[in-house]
Amino acid sequence: MPSTLKHLRSRFERALDAAFGESVAGTDPAIAPTNNPKFGDYQCNVAMSLTKVLKNNPRAIATAILEHLDIGDLCEPPEIAGPGFINLRLKPEYLESRLSANLGDPRLGIPPTPHPDRAIVDFSSPNIAKEMHVGHLRSTIIGDCIARILEFEGHDVLRLNHVGDWGTQFGMLITYLREKYPEALTKADALDLGDLVEFYRQAKKRFDEDDDFKQASRQQVVRLQSGDPDSRRAWELLCEQSRREFQHIYDRLDIELTERGESFYNPMLPDVVADLERSGLLVEDQGAKCVFLEGFTNKEGEPLPLIVQKSNGGYNYATTDLAAVRHRIEKEGANRLIYVTDAGQANHFAQVWQVARRVGWIPEEIDVVHVPFGLVKGEDGKKLKTRSGETVRLRDLLDEAVKRAKDDLETRLREEGRSESPEFVDRVASVVGIDAVKYADLSQNRTSDYIFSYDKMLSLQGNTAPYMLYAYVRIQGISRKGNIDYGQLGGEAKIHLKDETEFVLAKHLLQLNEAIDGVAEELLPNRLCQYLFELSQKFNQFYDRCPVLKAEEPDRTSRLALCHLTAETLKLGLSLLGLSVLDRM
Ligand code: ARG
C-alpha cells in the first residue's frame, strides 16, 4: 500500500479538484507530518498558498476543501486551525489494520515503485597504486546505502566502481619497478598495496628530481597506451594487486560493486574529442583542445576552458567522464545517474555535464546528480591522521573499530558476570565495530565535515549503531524469555492500541515508507538514521510503560506484534543502511 502521506495527498488532490477545478490544477496539497502532536499527525497548509489564485481568505478555502474531502476511513474529522491549517489525526482503526496487515510481510507493506528507473550509482572509486583513503570510505558507505535504497524501491541499479586505473602514474611506477623490483611486473603476488603505495611515492620523487627518469616514464605511458604487450601485462598485474586489497575492504564492509575503471573508457576518448569538434564547441587554445564553459571564469573574469585533449595528445580526467556519462546514457540506458564523491569535485562534474548537455549527450529528461560529502576529520578537528602523523589506512581503521568493540564487550561481559564463547565475542565485535563505522558516517548530514571518533561511534548511548543494535537485541530477548516465535504471530495477531506510547510507536512504524522515500529523493541517508533512532526511542518508551509478556490477552498478543514489527522495521531499515543486526550482544 502507498504510504499514509501519499494516501492523504491523493485524497486532497481530489478534494482540491472537486472544490476549485482547473484554477488549482497541479497544486501540491502541501501535506507534512506535524512536529507537535497537539496539531494531530499531519497538517495540510495548502489553503494559505491559494489565497491569491482563488481571491479568498485561507479559512474559507480550507472550509471549501473540507466540504469536498473524503477521508473518513483514514482520519478523524479534520480541524481548521489558525489562519487556515488543516489538522489531521489518524484513526486508531486505520493504524491497527495497516499494522496488522504488515505482520509477516518482509517488505512491511511498502510496494515497489510502479516506475522503475535505470539508475547508475558511481561510488567508492579509489585509485590504483594509491591507498584507499577515508574519503573513499565515505563514498563507499554512502554510495552503497543509496544503491540499497534504490534497489529496495525496485529500481534497476548498476553499482559502478570508477577506479583510477589509467594515466601517468603507471608510467612512473612501471619504469621504477622495472629498475628496482622487476618481479612485481611479472609475478602476480609479489606486492601488496602497502608496498605499491610506497613504490609510487618513491617513483614520484624520482620523476620530480631526475630528468632521464621523467623521459623514460613518459615513453612508458605512450607504450602502455599504444598497447605494448609487456607494458600492458605489467599494468594488469599492478591493477590486480591493488584490486586484491580493495576487495578485502569491500568484503569486510559487505559491498557489491562492478569495477569499470577509467581504462574502460579509453578507447572511446578519440570519439569524444572528434564529436565535440563536429558539434562546433571545440576550440584550440595553445595547442590544447578545449570547450569554453558558460558561467565559469578565472580570476581575471575570463571564461574558463575545459581541456579535453592536452597539447601532447593526452586526455584528462574530464575527457574520461565525458565518455562515461555518454556511455552510461546511450549504452547502459540509464535515466538516473548518481556520482558520490567528496564536495571538492563539484566543479569538475558541473563542468563535464555542462559540456555533455550542450553537445546533446545528456537529454533533458535524464537526471544527473552529484552527491557530495564533507571531509573526515580527527577529534582535534584536523585531517584524520595516525598518532605518528601518517594517513590512516582503511584496513587499520576497521581493525581498530573492531578491536575497541571487542574490548568494550569483554568489559561488559566481565561486569555482568557472563561467559560467552570466543566465536560469539568475535562475531559481536565484528558486527558492532563495522556497523559503528558505517552508522557514524551515515547518521551525519553528508554535506558537513564529520569528526571521526571511535568513542562516540561505539557508545551505547545516543544516535549510534550500538544503541540501535541494542534495541533490536532487547526485542529478541523478549521473545526468548517468553518462548515466543514472532514468525508465528502471523495473520491471527490483531493489533489494538490503548496506551499513548502504543499510538506513538504505531504511527512511527507506519512512517518507514516516508523515510525511505525521503532518502531516495534527497539522497540523504541521515534521514533514515534519524527515523530509526526515533523508532528505538519510541519503542523504549512503550516498553518502559507497557507490560508485554505479563499483559492479559488480547493486549499481550497485540503488544508482542508491536514488538515484532519494531524489530522487523529496525532490521529492514538497518539493512538498507548496509548494517547487520545481532540477536544477542
Ligand atoms: N578516482 C576518483 C578519486 O579518487 C573518483 C572518481 C569518481 N567518479 C567519477 N566518475 N569521476 O577522486
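Both counts, for ligands and for their atoms, begin at 1 and track the order of listing.
Checking only distances, Y339 never comes within under 3.5 Å of ligand 1, N or O to N or O. Where the criterion is an N or O separation shorter than 3.5 Å, residue side chain and backbone included, E262 fails it with respect to ligand 1. Residue D321 has at least one N or O atom closer than 3.5 Å to an N or O atom of ligand 1. Between H348 and ligand 1, no pair of N/O atoms sits closer than 3.5 Å. For the pair N127 and ligand 1, the shortest N or O to N or O distance falls below 3.5 Å.
Ring-centre distance between F123 and H136: not below the 6.0 Å cut-off. In this structure, H162 has its ring center no closer than 6.0 Å to that of F264. Checked against the 6.0 Å centroid criterion, the rings of F452 and Y454 qualify as a close aromatic pair. Taking the six-membered ring wherever Trp is involved, the centroid distance between the rings of W353 and F349 falls below 6.0 Å.
Short contacts between ligand 1 and F349, defined as distances under 4.0 Å to a heavy atom of the residue, involve ligand atoms 9 (C), 11 (N). Those atoms of ligand 1 with a heavy atom of T341 less than 4.0 angstrom away are 7 (C).
Within the structure, the closest approach of K130 to ligand 1 does not fall below 4.0 Å when heavy atoms are considered. Under the 4.0 angstrom criterion for non-hydrogen atoms, H136 is in contact with ligand 1. Using 4.0 Å as the threshold, F123 has no heavy atom nearer than that to any atom of ligand 1.
With 3.5 Å as the limit, one finds a donor-acceptor pair spanning the side chains of Y317 and Q345. Between the side chains of T113 and H155, no donor-acceptor pair of N or O atoms lies under 3.5 Å. Looking only at atom types and distance, the side chain of N445 has a donor-acceptor partner in the side chain of T447 under 3.5 Å away. For Q461 and Y467, the side-chain atoms include no donor-acceptor pair closer than 3.5 Å. In this model, no donor atom of one side chain and acceptor atom of the other lie less than 3.5 Å apart for Q354 and R357.
Closest protein heavy atom to atom 12 (O) of ligand 1: Q345 NE2, 2.8 Å. In terms of protein heavy-atom proximity, atom 6 (C) of ligand 1 is nearest to Y317 OH, 3.2 Å. Summary of contacts: the protein heavy atom closest to atom 8 (N) of ligand 1 is D122 OD1, 3.1 Å.
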